[in-house]
Amino acid sequence: TTIQYLPATHRALHYQDALYGLPYQMDTMALYYNSELGDVPADAITDLFTSATPAAPLALDTSFDGAYWGIPAYGGRQSLKMEGTDERDHNTLDVDHTALVNWLEWLLAVQGAPHIVMGAEPEQLQEIFTAGGAGYLVANSDMLGDLHNQWRGNETLAHAVEVLPLPAGPMGEGRPFLTVDAFLFSAGASEEQTRRALAFAEYATGADSQTLLFQGAHRVPVNVVAIARADDEAIDSFVHQAESAVLLPSRPENRVLFAAGDELYHSVLEDGQEPIAAVAAFISRLDSTFRPPLAAVLGDKVTPKQSLGP
């Protein structure tokens with residue numbers, strides 16, 4: 001069953017070699033650019049910075065979620081690994097002190113440039129981009145549907161926007177978070193209820209339904225046949241990005257992680273705190289908040305419910 005799904009999405013639903021759900025849709029980040037305003041950007045962060053101009057600025061989301069992709073680009077394998085992973089597994093939370101400091105220092109260095117626009121509100125950055133005020137924008141896949149809705153009837157403008165995987169940094173590729181929406185099955189359901197639920201989930205995640213999801217809402221399919229049918233460069237870029245993205249399990253503790261991360265970026269980019277001191281305070285806050293330690297808390301990809309088998 002799982003071979004019909006993008007590997008990154010069905011991996012999110014495995015626990016101890018058993019499958020507990022079927023993926024429905026996914027969300028991750030990539031680089032949008034307006035070919036009417038700027039040239040095709042290079043695949044390195046520093047080259048992207050030089051590609052941007054005052055007439056085609058680079059818009060960067062500086063929320064923890066939106067800016068996370070730069071941390072892996074500035075560090076190698078990290079110190080906080082998800083439980084049960086090995087060196088080949090992409091599901092690793094990269095919160096290496098040095099990488100985070102280096103990424104923040106780069107953001108701080110380019111912050112005042114006339115061709116850089118920064119903000120922690122992705123909706124505002126999207127408005128700037130769609131109005132032609134930015135030539136490049138790092139944003140999530142949800143924006144695809146918004147763009148098509150806003151530019152309906154203006155095919156020239158719609159075709160001017162293209163999507164590419166995120167640029168790499170000096171220490172590796174840019175790796176954003178990956179979230180997966182899925183159908184999960186309760187262990188308390190009867191055999192008949194599970195059978196019916198599984199039949200609906202297989203229908204909703206099948207190639208035909210996933211093709212309609214893309215055509216009607218411009219959401220990124222998780223079904224590999226639907227992805228092939230789409231034959232869309234933007235979809236291909238998000239699919240490519242998903243394979244190296246960092247899986248973010250849906251856990252209540254994420255609120256603490258994201259709130260602390262948002263405060264970290266704000267303290268450096270808005271309040272002028274030194275990156276080294278700010279990162280030390282951030283890590284200390286996480287260490288004191290998460291019991292068991294953060295690596296263990298983020299280790300469970302899915303809370304076990306009803307297994308669908310290996």
Aromatic ring pairing Y74/W106, orientation class (parallel under 30°, perpendicular over 60°, tilted between): tilted

First locate atom CD of Q126, then atom CG of D146, and finally report the distance between them rounded to the nearest 0.5 Å. 4.5 Å

Should H97 and I283 be marked as a side chain to side chain contact (heavy atoms under 4.5 Å, CB included) after you check the CA-CA gap, both sets of side-chain angles, and the distance that decides it? CA-CA 8 Å; H97 296 212; I283 297 297; 3.4 Å; yes

Hey, is E191 close enough to R195 for a salt bridge, meaning N to O under 4.0 Å? no

In this structure, CG of L247 is separated from CG of L178 (nearest 0.5 Å) by 6.0 Å

F185 CZ to L198 CG distance, which is reported to the nearest 0.5 Å: 5.0 Å

Report yes or no: does Q193 contribute a side-chain atom to a donor-acceptor pair with the main-chain N or O of S190 at less than 3.5 Å? yes

Test log, rule side chain to side chain contact (heavy atoms under 4.5 Å, CB included), inputs L264 and L100: CA-CA 10 Å; L264 167 65; L100 184 48; 3.7 Å; yes

Any non-hydrogen side-chain atom of W69 less than 4.5 Å from a side-chain atom of P167? yes

Using the rule that Ile, Leu, Val, Met, Phe, Trp and Tyr join whenever any side-chain heavy atoms are under 4.5 Å apart, tell me whether I227 and L212 fall into a single cluster. no

Please tell me whether F183 and Y24 form a close aromatic pair, meaning their ring centres lie under 6.0 Å apart. yes

Looking at every heavy atom in both L104 and P275, which two are closest together, and how far apart are they? CB-CB, 4.1 Å

Would one find more than 12 heavy atoms of other residues, nucleotides or ligands at under 6.0 Å from atom CD1 of I276? no

Could you pull out the closest heavy-atom pair between L48 and P41, with the gap in Å? CD1-CB, 3.7 Å

More than 12 heavy atoms of other residues, nucleotides or ligands under 6.0 Å from CD of E233: yes or no? no

If you look at every heavy atom in N223 and G206, which pair is closest and at what distance? ND2-C, 3.5 Å

Show your working on side chain to side chain contact (heavy atoms under 4.5 Å, CB included) between D27 and D181 and close with a plain yes or no. CA-CA 8 Å; D27 185 31; D181 294 333; over 6 Å; no

Would you check, one step at a time, whether the test side chain to side chain contact (heavy atoms under 4.5 Å, CB included) holds for L58 with H115? CA-CA 6 Å; L58 166 63; H115 54 295; over 6 Å; no

For residues Y203 and V225: do they belong to one hydrophobic cluster (side chain heavy atoms under 4.5 Å, members Ile, Leu, Val, Met, Phe, Trp, Tyr)? no

For E123, all residues meeting side-chain contact (heavy atoms from CB on, under 4.5 Å), sequence neighbours excluded: E121

Which distance, rounded to the nearest 0.5 Å, do you find between the CG of L108 and the CD of Q273? 11.5 Å

I235 and V239, any side-chain heavy atoms less than 4.5 Å apart: yes

Residues A59 and L125: closest non-hydrogen pair is CB-CD2, 4.2 Å

Under 3.5 Å, side chain of E162 to main-chain N/O of A234, donor-acceptor pair present? no

Look at the side chain of Y32 and the backbone N and O of N140, then say whether any donor-acceptor pair between them is shorter than 3.5 Å. yes

Give every residue pair that meets the side chain to side chain donor-acceptor pair (under 3.5 Å) criterion with at least one member in residues 45-60, sequence neighbours excluded. none

Using side-chain heavy atoms (C-beta onward) and a distance below 4.5 Å, is L13 in contact with L184? yes

Should the heavy atoms of other residues, nucleotides or ligands under 6.0 Å from CD of E105 be counted, would the total exceed 12? yes

Going only through I, L, V, M, F, W and Y residues with side-chain contacts under 4.5 Å, is there a path from V110 to V138? yes

Has T9 got a side-chain atom pairing as donor or acceptor with L6's backbone, closer than 3.5 angstrom? yes

Please determine, by modelled atom types, if R175 and S244 share a side-chain donor-acceptor pair under 3.5 angstrom. no

D43 atom CG: more than 12 heavy-atom contacts under 6.0 Å: no

L144 versus V163: any side-chain heavy-atom pair under 4.5 Å? yes

Residues in ring-ring contact (aromatic ring centres under 6.0 Å, His included) with F258, at least two apart? F64, F177

Y136 and L31, any side-chain heavy atoms less than 4.5 Å apart: yes

Side chains of Y265 and S63: any donor to acceptor distance under 3.5 Å? no

So do the side chains of V117 and L60 get within less than 4.5 Å of each other, counting heavy atoms only? no

Report whether L147 and L37 are members of the same hydrophobic cluster (ILVMFWY, side-chain heavy atoms less than 4.5 Å apart, transitive linking). no

Going from CZ on R285 to CG on L257, what distance comes out if it is rounded to the nearest 0.5 angstrom? 10.0 Å

Is there a side-chain contact between Q241 and P176 (heavy atoms, below 4.5 Å)? yes

Do N34 side-chain atoms and V161 backbone N/O form a donor-acceptor pair below 3.5 Å? no

Do you know which two heavy atoms are closest between T205 and P23, and how far apart they sit? CG2-O, 2.9 Å

Over 60° means perpendicular and under 30° means parallel, so tell me whether F214 and H218 are parallel, tilted or perpendicular. perpendicular

Taking the side chain as C-beta and beyond, is there a heavy-atom pair between H266 and D271 under 4.5 Å? yes

Gap between atom OG1 of T179 and atom CE of M26 - 0.5 Å precision: 9.0 Å

For R229 against T211, the heavy-atom pair lying closest together: NH1-OG1, 3.3 Å

